[in-house]
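For reference, the structure discussed in these notes is given below.
Only this structure's heavy atoms are used, side chains among them; waters, hydrogens and symmetry mates stay out. In this text, all values refer to a predicted model and were calculated from it rather than measured experimentally. Positions are given from 1, in the same order as the sequence printed here.
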Amino acid sequence: MRLNPEVCLTQVNWVYNMEYIRNTLDFYVPEPSVISLGKFDGLHLGHKYLIRELEKGKQEGYKSVVFTFDIPPRSLSENDCRVLSTNAEKEHIFEEAGMDYVIECPFTDELKQMEPYAFLKMLTERIRIRKIVAGTDFRFGSNRSGSPADLKMYEKEFGYQAVIVDKIQYMGEDISSTRIRKLVCEGRMEEANTLLGYPYFLNARVLHGNEIGRKLGFPTVNLLPPEHKILPPNGVYVSSVTLDGELYYGVSNIGCKPSIEGTYPVGVETHIFDFDSQIYDREIKVSFLSYLRPERKFNSLEELRRQIEADRETARCYCRGQSKEKK
């Protein structure tokens, strides 16, 4: 299925009291439900076609359920140990998508070894499933031995309808979390954001910094990303910041502050345009819109100040251009 950007990039924000069930195997959904299962890393446009089927189920009077496993990063392969969205960020995304239930099930050895039939039996005993929505590449059960064909096979026995959704493509390639991870790691933010359907973001708490930016006339907020969160390459990015529902624009540096004496962990430092409030210990959302330049070491703080000024003006021009395109 080919992507229609005009349709998929439309975002609908509903207000729901979503129930997030985590850290337990004793999960139950008593209402008739439509359910989709998977990792949902990033909740990209491919996932949103699945979500659209859940929305159709809601219109038929079913509750919408997302089922995913809480898989510790140490249990994943080296290539998969970093994520586009943390569990906390997923919760926010699913709530915005209007889901009724999200079940983040512990990935125990018992579940890992469960055969596809046994897994479906367990699931249908705990959730009143009327529809299961899955992609053509969906796999489940021990050694990923279950497939969409198994979902169809057991429809009558377990009393649900299996809805299998084709993968969607953009520029001739499947949209997938793996593809988006690669784009983010290469700093190709516009393309990554197109496939996500929203700007790639980081949620984190504002930390106290050394206030060098403020001394240079460019106050910044400092964030330390979660350990397994994928970050774009070190460098400077046009960004946006969401705080208390308000949207601001700015410029962000990802890196280790090479122009400042001392050793620093990789962090995100953002100068927010036309904003000078103290927001220490507040949680904010920083979205990365476009790559500007690589991180570099400057010979003096004055040289750094001039470069920040230039970055700010470039970023402002970018944001003005984006605003005109949306009109």
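- Residue Y200 holds its OH atom at 7.5 Å from OG of S85, rounded to the nearest 0.5 Å.
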Exercise for the section: Given side-chain contact (heavy atoms from CB on, under 4.5 Å), test C105 with T68 step by step and report yes or no. Expected result: CA-CA 6 Å; C105 184; T68 187; over 6 Å; no
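- The two residues L151 and A134 come nearest to each other via the heavy atoms CD1-CB, 3.7 Å.
- Here the closest heavy-atom approach between residue S177 and residue H47 is recorded as OG-CE1, 3.7 Å.
- Hydrophobic clustering, with ILVMFWY side chains joined whenever heavy atoms are under 4.5 angstrom apart, keeps Y160 apart from Y28.
- Surrounding CD of E227 are at most 12 heavy atoms belonging to other residues, nucleotides or ligands under 6.0 Å away.
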Practice task
In sequence, state the C-alpha distance, the side-chain angles, and the governing distance for V236 and E295, and then conclude on side-chain contact (heavy atoms from CB on, under 4.5 Å).
Solution key: CA-CA 6 Å; V236 178; E295 185 181 43; 6.0 Å; no
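- Annotation: E190, atom CD; neighbour count of heavy atoms from other residues, nucleotides and ligands within 6.0 Å is above 12.
- Counting heavy atoms of neighbouring residues, nucleotides and ligands inside a 6.0 Å radius, atom NZ of K121 does not exceed 12 of them.
- R128 is listed as a side-chain neighbour of R130, based on a closest heavy-atom distance under 4.5 Å.
- At distances below 3.5 Å, at least one donor-acceptor pair connects side-chain atoms of S147 with backbone N or O atoms of A149.
- Closest approach of D137 and K167 over heavy atoms only: OD2-NZ, 3.1 Å.
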Exercise for the section: In sequence, state the C-alpha distance, the side-chain angles, and the governing distance for E269 and T220, and then conclude on side chain to side chain donor-acceptor pair (under 3.5 Å). Expected result: CA-CA 6 Å; E269 188 173 9; T220 61; 2.9 Å; yes
Practice task
Decide yes or no on side chain to side chain donor-acceptor pair (under 3.5 Å) for Y318 and E313, but give the supporting numbers first.
Solution key: CA-CA 9 Å; Y318 178 92; E313 291 310 306; over 6 Å; no
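- Residue E309 is tested with Q307, R312, R305 for a side-chain hydrogen bond (donor to acceptor under 3.5 Å, both in side chains); the sole match is R312.
- The 12-atom threshold is exceeded at NZ of K131, counting heavy atoms of other residues, nucleotides or ligands nearer than 6.0 Å.
- Residues E31 and Y101 bring a donor and an acceptor atom of their side chains to less than 3.5 Å of each other.
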Handout entry: Worked verdict on V241 versus L247 for side-chain contact (heavy atoms from CB on, under 4.5 Å)
Key = CA-CA 6 Å; V241 173; L247 181 67; over 6 Å; no
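- Here the straight-line distance linking atom OG of S277 with atom CG of L243 works out to 8.5 Å at 0.5 Å rounding.
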Exercise for the section: For the pair D311 and T314, evaluate side chain to side chain donor-acceptor pair (under 3.5 Å) and give the outcome as yes or no after the intermediate values. Expected result: CA-CA 5 Å; D311 293 338; T314 302; 5.5 Å; no
Handout entry: Worked check of side-chain contact (heavy atoms from CB on, under 4.5 Å) between F288 and L202
Key = CA-CA 8 Å; F288 304 99; L202 163 71; 4.2 Å; yes
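- In this model, a donor atom of one side chain and an acceptor atom of the other lie less than 3.5 Å apart for D174 and Q169.
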